[in-house]
K.L.:
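Quick one: this structure, given as structure tokens, is what I'll be asking you about.
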Amino acid sequence: MATEIEPQHTEQQPQEETAEPTRGERIKAAFTEQRNHAGARTRDWLAGGDLDEVDVIQLATEKKQRRQAEKVAQQERRAAEARGRFHVAKAQAEASENGSGHSQMAALAGRAAQEEAKLEALRATTVLPPTDREIAAARNGKKAGRAALLAGCGFLSLPAVGVGVEQLATGQPMLLAALGTAAGYGWYLVSRPFDAGQPAPAPIMGVRTLATPVVDLVKAEPQPGVREFNAPPPPALTVKELEDALRNIRKIRPDEEIKILAVPQRGADGNTTVVFDLPPRVTVAELKKDLPKLAGALGRDAAMVDIDKAGTEVRTSLWLTDQDPFEGTRPSPLLKKPSQLDAWKDGVPVGWNKRGAAIHLPINNASYVIAGMTRSGKGVGASNLVVGASFDPRINLRIVAGKNNGEWDPYAKAGVASTYFKPSPERLLALLHALLADKDRRERDLGQLGKSKLVAPVIEKIGGVELLVIDELATYTRPGKPLRDEILEALIELSAVAAGAGILMVLITQYPEVDVIPQALAMNCGARWAMRVENATQSNAILGAGQAGAGRDASKFDPPRPGFGWLVNPFAGVTDLARSFDLDEDERDEITTLLGKAAAIREKTGRLAGQWEDPIEQHLLNATGLSSAAGGPKRDGIPGRNVLNHTPAQRMQMDACRGALKTMDHLQRDVAQLDEMAELIGGGMTSTRLGELLRAAGAGGTVKITLPGRDGQVRGYRRDDIKDALNLLLGD
């Protein structure tokens with residue numbers, strides 16, 4: 001029996017060792033395991049383990065965009081405040097019986113214009129992708145926010161981070177009751193099995209596609225009889241396409257890859273910016289030289305691609321667009337807001353770059369060369385610059401035409417041209433000598449003011465900024481032209497030493513050759529705008545030696561467009577393709593309209609031609625016996641005798657007489673009524689005002705006249721009466 005009982009005893013012993021745990025023990029063990037999973041998951045969440053690189057970059061990008069939006073909003077408030085103060089001052093000045101307050105109003109107008117310019121500059125500023133430091137700050141900020149949230153919401157009391165179930169049951173009964181079902185489900189989510197590194201973050205380049213569009217699966221009901229195709233647009237660029245393009249132009253080797261840092265979405269306007277790191281042996285500057293090749297490899301025109309350095313020498317910001325940004329034309333912003341400008345500080349609007357931002361060129365440190373073949377649009381580009389300069393009354397415009405047509409006449413008729421004359425080598429040489437003499441005077445005055453060069457606070461004290469505009473430079477500097485050597489010698493000296501004294505030049509030519517613009521002259525003109533030219537040699541004559549080889553070749557524009565060219569101005573931070581704003585005089589009278597606004601600004605500050613003592617015109621008068629202030633006595637670019645003796649009222653009377661005679665020419669008769677003449681003159685002229693000006697000019701009052709096709713006589717003016725009055729004013 002003993003032998004029978006012994007085996008039974010040995011069979012019962014293992015049953016005691018492997019006894020199943022009680023239900024309470026199983027619950028406790030399961031809860032301990034869940035708590036460990038939840039703790040691991042919570043610690044990983046606090047450390048940001050679920051944040052992938054794309055998420056963090058997006059956070060940093062959004063932060064920069066919010067900061068930029070806040071700056072714009074703040075500047076909008078400042079601009080609105082400046083406009084409001086100006087309007088209040090204007091209303092007070094208009095209500096004042098003695099017209100006081102005009103000086104304050106002018107200052108407020110300048111302040112409003114300055115704030116508006118700052119606002120436009122902010123709006124045009126491109127928000128660059130975040131730097132490594134900003135990306136790291138965004139990640140740390142996210143982790144800090146999670147820690148604060150966890151602490152503030154009381155989650156530290158949960159078992160997920162190590163609190164016992166007894167503490168939970170005794171210390172937080174109300175919390176559990178409030179959480180209810182939601183808390184139970186939340187506990188299930190965080191207590192699932194967790195391995196280090198899980199759940200894995202979404203891969204940065206899991207799908208190697210840049211700017212993959214989001215498809216909206218919610219479709220509107222189709223309209224009867226209307227076909228719809230709502231497929232999403234193709235991706236702007238894939239990583240493979242970018243790498244293949246860089247390999248095709250031999251910027252990366254077959255075994256090399258690029259590192260994508262910012263993955264943007266395609267913008268509503270079709271624009272995309274991709275930030276990536278090149279291999280260490282290739283710099284952004286080297287890639288810029290091959291921009292046309294890269295654009296071709298990406299299936300785009302060079303105007304549709306842009307490259308910037310985004311921090312380091314290899315970090316590249318590549319901008320792409322789906323449409324040619326220079327295909328259409330744009331009007332000058334001055335047509336919409338013709339207000340006083342600070343051309344020295346803020347510059348004048350002349351055109352836009354490939355990203356669509358307006359370009360403002362300052363008139364303060366550099367002379368300009370604007371060149372291109374016939375019909376290239378160099379005249380429009382120059383007009384934007386010179387018209388913009390007329391809106392700063394501190395700038396004295398000296399315009400020397402290269403042709404006898406009326407292209408520059410509006411500047412004289414408006415009175416904004418301090419000097420204006422048509423082709424005359426002798427007078428140009430006299431003008432250059434006058435400017436050189438004034439340069440010496442300015443340097444002495446700057447020395448007395450303790451300044452080494454002209455700066456903004458002393459512009460008025462020194463006599464303003466001199467801007468010499470010479471159109472069709474080849475008229476004076478081509479081989480064989482009269483006084484060519486003397487003129488070139490004076491131009492070279494001015495370009496070399498006069499900029500610091502506030503004497504600058506704008507040289508315009510359709511013959512960009514070394515015979516016309518010698519290197520000694522071109523190298524001292526720091527700002528250049530090269531429109532369409534015939535060959536790379538001409539392009540280099542404008543932009544500088546070797547520029548065509550570096551990718552800036554003005555003979556390669558395809559298709560050529562008026563006003564489109566390479567613009568280089570180191571002082572404005574511009575080296576880019578640009579197109580000038582559309583500014584038309586022949587068909588739309590836009591230049592005349594703008595110059596009328598500029599004249600009103602100058603008149604208030606006493607800077608119209610004839611309103612101030614002009615040492616340059618006084619020098620010309622002494623040297624030649626003739627004055628070219630405001631284009632001479634007839635304001636047509638032909639110097640004459642006594643224009644400096646005319647008061648502003650007399651100049652308005654002369655303009656009224658000329659306008660009346662011009663309308664009679666248009667009507668093809670020698671008599672006209674005030675109403676029809678005022679209507680044809682335009683510009684806000686009324687019959688009452690025209691009658692006042694003609695009577696003051698000496699044309700007398702209206703007389704009885706007979707108009708063709710009408711019975712009886714009406715009141716009006718005869719041509720001879722108006723012509724006699726004009727001749728009397730001119731001293732003829």
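All values below come from the heavy atoms of this structure, side chains included, with hydrogens, waters and symmetry mates left out. Along the sequence shown, residues carry numbers from 1.
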K.L.:
Among residues two or more places apart or on two chains, list those pairs meeting salt bridge (charged side-chain N to carboxylate O under 4.0 Å, His left out) that have a residue in residues 323-340.
P.N.:
E116-K337, D324-R561
K.L.:
Applying the side chain to side chain contact (heavy atoms under 4.5 Å, CB included) criterion to R355, which one of D576, D308, T321 satisfies it?
P.N.:
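Result for side chain to side chain contact (heavy atoms under 4.5 Å, CB included) with R355: D308.
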K.L.:
Give the minimum heavy-atom separation between P518 and L488, together with the two atoms involved.
P.N.:
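P518 and L488 have their closest heavy atoms at CD-CD2, 3.8 Å.
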K.L.:
Show your reasoning for whether side-chain contact (heavy atoms from CB on, under 4.5 Å) applies to E585 and T592.
P.N.:
CA-CA 7 Å; E585 173 64 16; T592 294; 2.6 Å; yes
K.L.:
Any chance you could measure L577, atom CG, to F557, atom CZ, to the nearest 0.5 Å?
P.N.:
6.0 Å
K.L.:
Okay, side chain of S317, backbone of V275: is any donor-acceptor separation there less than 3.5 Å?
P.N.:
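Between the backbone of V275 and the side chain of S317 there is no qualifying donor-acceptor contact (under 3.5 Å).
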K.L.:
On a heavy-atom basis, which atom in L473 and which in V516 lie closest, and how many Å separate them?
P.N.:
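Smallest interatomic distance, heavy atoms only, reads CD2-O, 3.9 Å.
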K.L.:
Starting from the C-alpha separation in whole Å, work towards a yes-or-no answer on side-chain contact (heavy atoms from CB on, under 4.5 Å) for K354 and M304.
P.N.:
CA-CA 7 Å; K354 61 176 64 173; M304 303 165 68; over 6 Å; no
K.L.:
Indicate yes or no for a side-chain donor-acceptor contact from R247 to the backbone of R253 under 3.5 Å, with no hydrogens or angles considered.
P.N.:
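Flag set: sc R247 to bb R253 pair under 3.5 Å.
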K.L.:
Can you tell if the side chain of S555 reaches within under 4.5 Å of the side chain of V533, non-hydrogen atoms only?
P.N.:
yes
K.L.:
Using the test side chain to side chain donor-acceptor pair (under 3.5 Å), find all partners of R552 that sit at least two apart in sequence or belong to another chain.
P.N.:
Q547
K.L.:
Evaluate the side-chain proximity of L594 to F391: yes if any heavy-atom separation is below 4.5 Å, no if none is.
P.N.:
yes
K.L.:
So which of T593, D582, L583, L335 actually passes side chain to side chain contact (heavy atoms under 4.5 Å, CB included) with R588?
P.N.:
D582
K.L.:
Between R394 and D392, does any NZ, NE, NH1 or NH2 come within less than 4.0 Å of an OD or OE carboxylate oxygen?
P.N.:
yes
K.L.:
Let me confirm one number: the CD-CD1 distance from Q519 to I492, rounded to the nearest 0.5 Å.
P.N.:
10.5 Å
K.L.:
Passes side-chain contact (heavy atoms from CB on, under 4.5 Å), S390 versus L397? Steps please.
P.N.:
CA-CA 7 Å; S390 71; L397 289 176; 4.0 Å; yes
K.L.:
For the pair K309 and E313, find out whether any cationic side-chain nitrogen is under 4.0 Å from an anionic carboxylate oxygen.
P.N.:
yes
K.L.:
I'd like to check I470 versus L491 (side-chain heavy atoms, cut-off strictly below 4.5 Å). Are they in contact?
P.N.:
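Side chain of I470 against side chain of L491, heavy atoms only: contact under 4.5 Å found.
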K.L.:
Could you check whether any side-chain N or O of N569 sits under 3.5 Å from a backbone N or O of A527, counting only pairs where one atom can act as donor and the other as acceptor?
P.N.:
no
K.L.:
Is there a side-chain contact between L454 and W344 (heavy atoms, below 4.5 Å)?
P.N.:
yes
K.L.:
Could you tell me which residues satisfy salt bridge (charged side-chain N to carboxylate O under 4.0 Å, His left out) with D301, sequence neighbours excluded, listed by chain and number?
P.N.:
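With sequence neighbours excluded, D301 shows a salt bridge (charged side-chain N to carboxylate O under 4.0 Å, His left out) to no residue whatsoever.
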K.L.:
Rounded to the nearest 0.5 Å, how far apart are CG of L468 and CG of L507?
P.N.:
7.5 Å
K.L.:
List the atom of A401, the atom of W408, and the distance in Å for their closest heavy-atom pair.
P.N.:
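Between these two residues, the closest heavy atoms are CB-CD1, 4.2 Å.
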K.L.:
For L334, does its backbone N or O pair with a side-chain atom of S332 as donor and acceptor, under 3.5 Å?
P.N.:
yes
K.L.:
So, for S495 and A520, which heavy atoms are closest and what is the spacing to 0.1 Å?
P.N.:
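Answer, listing the atom of S495 first, then A520: OG-O, 4.4 Å.
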K.L.:
Using every non-hydrogen atom in the two residues, find where A578 and I359 come nearest and quote the distance to one decimal.
P.N.:
CB-CD1, 3.5 Å
K.L.:
Any non-hydrogen side-chain atom of D589 less than 4.5 Å from a side-chain atom of P410?
P.N.:
no
K.L.:
Report yes if some heavy atom in the side chain of L341 is under 4.5 Å from a heavy atom in the side chain of D346; otherwise report no.
P.N.:
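The answer is no, as the side chains (C-beta and beyond) never meet within the 4.5 Å cut-off.
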K.L.:
Are K64 and Q68 side-chain neighbours, meaning at least one heavy-atom pair lies under 4.5 Å?
P.N.:
no
K.L.:
From I258 CD1 over to L278 CG, what is the distance, rounded to the nearest 0.5 angstrom?
P.N.:
7.5 Å
K.L.:
When you look at L361 and I363, which way does the side-chain contact (heavy atoms from CB on, under 4.5 Å) test go after all the steps?
P.N.:
CA-CA 7 Å; L361 295 182; I363 300 177; over 6 Å; no
K.L.:
My understanding is that only residues two or more places apart in sequence, or in another chain, count here; which of them pass ring-ring contact (aromatic ring centres under 6.0 Å, His included) with Y368?
P.N.:
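None.
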K.L.:
Would you check if the side chain of R478 reaches a backbone N or O of D515 as a donor-acceptor pair within less than 3.5 Å?
P.N.:
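No: the side chain of R478 does not pair with the backbone of D515.
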K.L.:
Can you tell me how far apart CG (L294) and CD1 (I307) are? Round to the nearest 0.5 Å.
P.N.:
5.0 Å
K.L.:
Just verifying a value: how many Å separate M531 CE and L567 CG, rounded to the nearest 0.5 Å?
P.N.:
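Nearest 0.5 Å value for the CE-CG distance: 8.0 Å.
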K.L.:
Write out all pairs satisfying side chain to side chain donor-acceptor pair (under 3.5 Å) with one or both partners inside residues 525-536, taking only residues at least two apart or from two chains.
P.N.:
none
K.L.:
Restricting to pairs with a member in residues 280-293, which pass side chain to side chain donor-acceptor pair (under 3.5 Å), not counting sequence neighbours?
P.N.:
K251-D290, E256-R281
K.L.:
Could you tell me if the side chain of I517 sits less than 4.5 Å from the side chain of Y511, heavy atoms only?
P.N.:
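Result no, sub-4.5 Å side-chain heavy-atom pair not found.
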K.L.:
How close do F581 and A358 get, counting heavy atoms only, and between which atoms?
P.N.:
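It is CZ-CB, 4.2 Å.
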